[in-house]
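This chain uses plain numbering: 1 for the first residue, then up along the sequence. Note that ligands are numbered from 1 as they come in the structure, with each ligand's atoms numbered from 1 the same way. Treat the numbers as computed from the prediction; the structure is a model and nothing was measured.
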Amino acid sequence: MERFDTIVIGGGPAGLMAAGRAAELGERVLLVEKNDSLGEKLLLAGKRRCNLTNAEPDMEKFLSRYGKNGRFLHGAFSRFGPTETLAFFNQNGVPTKTERGNRIFPALPPEKSAQGAQRVLDCLLVYCKKGNVRILRRSEVKALKVKNKRIERIVTNIEELSADRCIVATGGKSYPKTGSTGDGYRFAAQAGHTIVEPTPAIVPVKTHETWVKLARNFNLRNVRLTATVNGQKIDERFGEMEFTNFGVSGPIVMDLSSFVSDWMKQGTVGLVLDLKPAMDLPTLLARIDRDFEKYRDREFGRALVDLLPSALIPLALELSDVPGDKPVSYVSPEERQDLARLLKNIPLTVNGLWSFDHAIVTKGGVCLKEVDPVTLRSKLCENLWFAGEILDLNGPTGGFNLQMCWSTGYAAGQGARVESVVN
Ligand SMILES: Cc1cc2nc3c(=O)[nH]c(=O)nc-3n(C[C@H](O)[C@H](O)[C@H](O)COP(=O)(O)OP(=O)(O)OC[C@H]3O[C@@H](n4cnc5c(N)ncnc54)[C@H](O)[C@@H]3O)c2cc1C
């Protein structure tokens, strides 16, 4: 078989960027992908529109979105951060635009917006092609043979490959149907690496309460969700969410979900939903009094029509102690106060996360202490590099996860090349 300087395992955004960069610098690169096609998960990104990065201008704030592990990304971002990412795509045929929440997407007319992810993938494929990256599809890496702290051979379902350097960019465990089945954790472990337990992140949350299904799929806007551990507030979000058959989902829930597995190790995790965050308790109570005066001839359930969307009334009736058919003029001041308190404090108890099948990203992965943050080279195995979601790095929605892939992919590709020049 033809001899290659670098083998990249995994043809997702991180692997394609790493392969393209190493080849651009002169490496002979082979990219090995187990699927028929490359970038299957990338093609789903941002509902196929691809939120490829974020326009947050303050780099410290940007890095803080990855939690405490964000510090690791300083080196890779200073080489190829959001600015360089935008320049890369813009100069290679993908103009971009910034939307709500600083989210950056390919700029396309509305009828073509779902082609955004394909444009991004095409751009990366052209980048790899320019550098003559050889691509081996339908080739699944099964194991790495490691000897004397070096990768000697890469065993695939078809053959054994060897190269001077190897970049592992096999992604995490989320959305396994796209090919990200966590294989790379096994390879990293074969090279001596520690794997921080992978858990689903950016994923719907399961709750003990079964009444959630009474309002399932109804989109709640402008609500506040407070997370608690053992009754103590630990975090909160304001925005949109929804109930599901088994719990809660939607943007603010998905955002909090990344921390839930850690919080569950500390104790009982609760969520407190405030349906009326714009009103304090007395204001809400006055509003209830006004509505009940207006509908004084109705029963309780039908007097809530101005206060709540109709989809939420069955849920309010289920949680309130007041029967829905009680005449509103008989609803006591205490019962009105209880209603106001309830609408601002609907309690939920978390009992887990949905599985990796539904998770946008994986939290956990290759332990960052064992990887050089500038070159992404393994500190334990001298001809091994990592890039992308396989690392113990994850951010919220908003383009942060792909940005991490571009930055670490570029740095790993460059790191591998620099190593070959030095030796
Ligand atoms: C539905 C959805 C929407 C998303 N939208 C966004 C978004 O808009 N913005 C954003 O920033 N992030 C988004 N993400 C997250 C983002 O897509 C991932 O973070 C990113 O794809 C990770 O890239 P990666 O290259 O590290 O891994 P992956 O994209 O998982 O690619 C890994 C590749 O390695 C291959 N591979 C795995 N094992 C082997 C093996 N043994 N041998 C050979 N090949 C192997 C896989 O087949 C795959 O092609 C989204 C994720 C999902 C699921």
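- Remark: ligand 1 and E33 share an N or O pair separated by less than 3.5 Å (distance only, no angle test).
- Selection from I390, I9, I360 by nearest heavy atom to atom 2 (C) of ligand 1 gives I360.
- At a 3.5 angstrom cut-off on N or O pairs, L402 counts as close to ligand 1.
- Protein heavy atom at the shortest distance from atom 45 (C) of ligand 1 is K34 CG, 3.8 Å.
- Side-chain N or O atoms of N383 include none that pairs as donor or acceptor with a backbone N or O of R150 at under 3.5 Å.
- Under 4.0 angstrom from ligand 1, the non-hydrogen atoms of N51 come from both its backbone and its side chain.
- Between D274 and K344 there is a salt bridge, since a side-chain N of the basic residue sits under 4.0 Å from a carboxylate O of the acidic one.
- Using a 4.5 Å cut-off on side-chain heavy atoms (C-beta onward), F105 and S113 make no contact.
- Counting protein heavy atoms only, atom 8 (O) of ligand 1 is closest to G46 N, 2.9 Å.
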| said: Quick one, R138 with D36, criterion salt bridge (Lys or Arg N to Asp or Glu O under 4.0 Å). Give me CA distance, side-chain angles, the key distance, then yes/no. | reply: CA-CA 5 Å; R138 291 182 292 278; D36 280 351; 3.3 Å; yes

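- Of the possible polar contacts, none joining the D122 side chain to the L124 backbone as a donor-acceptor pair under 3.5 Å is found.
- Looking at D164 and R3, a side-chain N of the basic residue comes within less than 4.0 Å of a carboxylate O on the acidic one, giving a salt bridge.
- Protein heavy atom at the shortest distance from atom 31 (O) of ligand 1 is G12 CA, 3.4 Å.
- Within the 4.0 Å heavy-atom shell around ligand 1 one does not find S174.
- A heavy-atom separation below 4.0 Å is not found between G409 and ligand 1.
- Among protein heavy atoms, the minimum distance from atom 37 (C) of ligand 1 is reached at G179 O, 3.3 Å.
- F259 and W263 have parallel rings, their planes meeting at less than 30° on a 0 to 90° scale where 60° marks the start of perpendicular.
- In this structure, F243 and W211 have perpendicular ring planes: the angle between them is above 60°, well past the 30° mark.
- Checked against a 3.5 angstrom limit, the closest N/O atoms of P13 and ligand 1 fall inside it.
- The shortest separation from a heavy atom of E140 to ligand 1 is under 4.0 Å, placing the residue in contact.
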